[in-house]
J.: 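Could you have a look at this structure, given as structure tokens, before my questions?
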Amino acid sequence: MNIRQAKEYIKNSVNIYLKKDEFGEYCIPVVRQRPIFLLGAPGIGKTAIMEQIAQEMGIALVSYSMTHHTRQSALGLPFIAHRTYNGQEYDISEYTMSEIIAAIHETMEESGIREGILFLDEINCVSETLAPAMLQFLQYKIFGRHSVPEGWVIVTAGNPPEYNKSVREFDVVTMDRLKVMEVEADYRTWKEYALECHLHSAVLNFLDLKKEYFYHMEITAKGRSYVTARGWEDLSQILYHYEEESLGVDENLVGQYIRNEKIVREFTAYYDLYRKYRKDYRIQEILEGRPSVQAISRAKEAPFDERLSLVGMLLDRMLADMQEVMEQAAVLTDIRALLLAVKNTISEDTRPEQTTAYMERLEEQKRGQMFARDRAGNLSPQERRKCKLVLQFLEQARRAVTARSDGDIAPQEAESGVSYRGEKVFEPVRDRYETAVSAMKRETERVQGELHHLFVFAQEAFAEGNEMLILVTELTVSSAGAGFIAAFGSPDYQRHSQDLMLSERQSQIQGQIAELEL
């Protein structure tokens, strides 16, 4: 199965394991809740999907790599305890709490979330001294003398032996206590994730042309050669930063992430060509509706790989702008709910210091929620950024109220003796919110214009060819693209989408007629 299918199976398993009966007991006893074992090559996203599952389900996540654990850290350290049995005193061996179990309790205490996933990576690389204890753990969810708390589902992961010399193959007795999911690298599935994370379009365009290079393993005269999804993602990040600093990208840099000489040479050559395309076509001018005659003419005559690169560059910029608008909309939605709460506390006699005190409490609550989710491991980078932007707005609005009360914004009101109470206290907050909404509307209109210009250019340069199909498809599968179009509309997208669907249906009918030999 691919990583997306594995994610759905894990979500279903977690839902079922956490299902309770009418008495509040878990329907499936702990001993029958088989831990899940993800078996797959390195770098295909096993850890990433666990973070996504926790975020989507609103449960906690505690992750550990088992490679560094010894028997003592996993099971706890022994100590002598004194006990009395039948009037006689005895010294017995006890164990401190496992570091892993303690981490779960700390997460529950700090986040307030009582259910979650314990994710143990590299489970088949445990030390020889720890291996015997793993059977008890997988069956009974116990490390030493301490159990995994109720409501925590165990998911494990590991690499096949051919990828890791430290792998200890599980025997049948151990494997029979696991739900084994063998995960394979799949570019199409990974690309959906890559679009959501806004990976560099040079990487995605290159892999669209060379899908066989997405994941590559071989033994050469110089040793093991490998290319993984993790390598492409990390390379994507460094490319963005190198471009921001105007630094040159060469084979030495690419080779630090892509460990195959042939692929390094080909990607570096493609990246140089990609940069030339970006400069020659002047992407910003196309999106502003000012494409040069030369750009249109060249796009019409360009080979498919150049046209594909051009579409990728245009989409990269388009989706980034759409993502920014959707982020602004989400932030303003959260702010509006908070400001309504502030407004509801204001009466005719409300003083500025009362409103600022209430806004301070809202800020603290928001920070507490962000901390709890962060500690639970289910706060995505996008959610963290949204929370910080909301907090920034609240802080600035609160300061505006204070400044207004001190006469810094409207001293004429103080001179005229106007009482700064009641509804007037809320005016600086409302003004800031309305300014932010107006700015978002202007940005939305600008991005809608870009999208229209993109379709106009694509129609003129590519007509209804494969490039138009790629454009419509990428806008559809991207959450930023689909979300923006659903929220704000796009007649161009709707028209071309319907045309392509009709064309596809027509081709299907023609194929069926051909099969009937009519």
Side-chain angles (χ1 to χ4, degrees), residues 7 10-38 46-66 68-69 72-77 79 94-123 126 130 133-134 136-157 179 364-384 386-387:
K7 175 183 173 181
I10 294 171
K11 285 184 68 174
N12 291 339
S13 296
V14 172
N15 272 322
I16 291 172
Y17 286 171
L18 297 182
K19 184 179 178 181
K20 296 180 179 179
D21 60 21
E22 65 272 24
F23 304 108
E25 302 287 338
Y26 290 102
C27 295
I28 299 181
V30 172
V31 72
R32 296 299 175 202
Q33 293 182 11
R34 284 194 175 199
I36 297 162
F37 180 37
L38 288 173
K46 297 189 290 293
T47 303
I49 65 167
M50 300 314 306
E51 295 171 353
Q52 293 168 17
I53 290 170
Q55 292 160 14
E56 293 170 13
M57 298 185 67
I59 58 178
L61 174 68
V62 172
S63 298
Y64 265 93
S65 173
M66 297 302 294
H68 75 281
H69 273 290
Q72 287 74 24
S73 63
L75 301 183
L77 294 171
F79 65 92
E94 289 280 3
Y95 284 86
T96 59
M97 180 173 284
S98 160
E99 175 186 326
I100 298 172
I101 304 298
I104 296 176
H105 285 286
E106 288 174 3
T107 298
M108 290 192 296
E109 290 295 322
E110 295 179 6
S111 69
I113 299 176
R114 313 303 298 179
E115 295 180 331
I117 296 173
L118 172 60
F119 178 59
L120 302 180
D121 202 4
E122 309 292 350
I123 190 73
V126 296
L130 183 56
M134 294 308 299
Q136 180 190 36
F137 168 71
L138 295 174
Q139 175 92 36
Y140 298 106
K141 320 300 185 295
I142 295 174
F143 264 136
R145 297 286 298 274
H146 302 95
S147 301
V148 173
E150 277 193 343
W152 282 75
V153 177
I154 298 170
V155 181
T156 66
K179 288 180 58 154
E364 288 303 312
Q365 290 174 8
K366 192 71 176 178
R367 287 194 185 90
Q369 293 167 1
M370 184 173 68
F371 173 80
R373 290 192 58 188
D374 189 47
R375 190 63 187 87
N378 65 12
L379 183 67
S380 69
Q382 295 81 6
E383 282 292 320
R384 180 181 288 106
K386 185 177 77 168
C387 287

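As a basis for the values below, the full set of heavy atoms in this structure was taken, side chains included, without hydrogen atoms, waters or symmetry mates. Nothing here was measured: the structure is a model prediction, and the numbers come from that model.
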J.: Determine, for Glu56 against Lys11, whether the closest basic-nitrogen to carboxylate-oxygen distance falls under 4.0 angstrom.
T.: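 Looking at Glu56 and Lys11, the cut-off is met.
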J.: Once rounded to the nearest 0.5 Å, what's the spacing between atom CD1 of Ile104 and atom OG of Ser98?
T.: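 Rounded to the nearest 0.5 Å, the CD1-OG separation comes out at 8.0 Å.
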J.: Check whether any side-chain N or O of Ser147 sits under 3.5 Å from a backbone N or O of Ile142 as a donor-acceptor pair, and report yes or no.
T.: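 Not a single qualifying donor-acceptor pair exists.
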J.: Quick one, Ser111 and Arg373 - any side-chain contact, counting heavy atoms below 4.5 Å?
T.: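 Ser111 vs Arg373: side chains apart.
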J.: Could you walk me through whether Arg32 and Tyr17 pass the side chain to side chain contact (heavy atoms under 4.5 Å, CB included) check?
T.: CA-CA 9 Å; Arg32 296 299 175 202; Tyr17 286 171; over 6 Å; no
J.: Atom CZ of Arg114 and atom OG1 of Thr107: how far apart are they, to the nearest 0.5 Å?
T.: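 It comes to 10.5 Å.
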J.: Nearest 0.5 Å please: distance from the CG atom of Leu379 over to the SG atom of Cys387.
T.: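 Between atom CG of Leu379 and atom SG of Cys387 there are 6.0 Å.
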J.: For Gln55 and Ser380, which heavy atoms make the closest approach, and how far apart are they?
T.: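 Looks like OE1-CB, 3.3 Å.
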J.: Give the intermediate values and the outcome of side chain to side chain contact (heavy atoms under 4.5 Å, CB included) for residues Glu51 and Leu61.
T.: CA-CA 7 Å; Glu51 295 171 353; Leu61 174 68; 4.0 Å; yes
J.: Please examine the side chains of Pro35 and Lys179, heavy atoms only from C-beta on, and report whether any two atoms are closer than 4.5 Å.
T.: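 Contact flag for Lys179/Pro35 side chains = no.
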J.: Find out whether Gln33 and Trp152 are in side-chain contact, i.e. whether some heavy atom of one side chain is under 4.5 Å from a heavy atom of the other.
T.: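 No, every pair of side-chain atoms sits at 4.5 Å or beyond.
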J.: Taking only residues two or more places apart in sequence or in another chain, which ones pass salt bridge (Lys or Arg N to Asp or Glu O under 4.0 Å) with Glu110?
T.: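 If we apply the salt bridge (Lys or Arg N to Asp or Glu O under 4.0 Å) test to Glu110, skipping adjacent residues, the hits are Arg375.
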J.: Checking side chain to side chain contact (heavy atoms under 4.5 Å, CB included) for the pair Leu120/Leu118: CA distance, chi angles, key distance, verdict?
T.: CA-CA 6 Å; Leu120 302 180; Leu118 172 60; 3.9 Å; yes
J.: At what distance, to the nearest 0.5 angstrom, does OH of Tyr64 lie from CD1 of Ile123?
T.: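 Answer for the OH-CD1 pair, Tyr64 versus Ile123, is 13.5 Å.
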J.: Is there side-chain contact between Phe119 and Thr156, with heavy atoms separated by less than 4.5 Å?
T.: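 They are not in side-chain contact.
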J.: Answer whether the closest heavy-atom distance between the side chains of Met57 and Asn15 falls below 4.5 Å.
T.: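 Side chain of Met57 against side chain of Asn15, heavy atoms only: contact under 4.5 Å found.
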J.: Before accepting this row, confirm whether a basic side-chain N of the pair Asp121/Lys46 lies closer than 4.0 Å to the acidic partner's carboxylate O.
T.: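 Salt bridge flag = no for Lys46 with Asp121.
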J.: Would you check if Phe137 and Ile154 make a side-chain contact, meaning some heavy-atom pair closer than 4.5 Å?
T.: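 When only atoms from C-beta onward are counted, Ile154 and Phe137 do touch, with a gap below 4.5 Å.
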J.: Taking the side chain as C-beta and beyond, is there a heavy-atom pair between Val62 and Ile117 under 4.5 Å?
T.: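 No, every pair of side-chain atoms sits at 4.5 Å or beyond.
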J.: Are side-chain heavy atoms of Ile113 and Asn378 found at a separation under 4.5 Å?
T.: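 Yes, close enough: below the 4.5 Å cut-off.
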J.: Hey, could you give me the CD/CG distance between Glu383 and Asp374, rounded to the nearest 0.5 Å?
T.: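 Atom-to-atom, Glu383:CD and Asp374:CG are 12.0 Å apart.
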J.: Can you list everything that forms a side chain to side chain donor-acceptor pair (under 3.5 Å) with Gln52? Sequence neighbours excluded, please.
T.: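 With sequence neighbours excluded, Gln52 shows a side chain to side chain donor-acceptor pair (under 3.5 Å) to Lys7, given in chain and number order.
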J.: Working to the nearest 0.5 Å, report the span between CE of Met97 and NE2 of His146.
T.: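 Result: 4.5 Å between the selected atoms.
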J.: Which is it for Val153 and Ser13 under the side chain to side chain contact (heavy atoms under 4.5 Å, CB included) test, yes or no, and what are the steps along the way?
T.: CA-CA 9 Å; Val153 177; Ser13 296; over 6 Å; no
J.: Who are the side chain to side chain donor-acceptor pair (under 3.5 Å) partners of Tyr26, not counting sequence neighbours?
T.: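 Tyr26 satisfies side chain to side chain donor-acceptor pair (under 3.5 Å) with Glu115 only.
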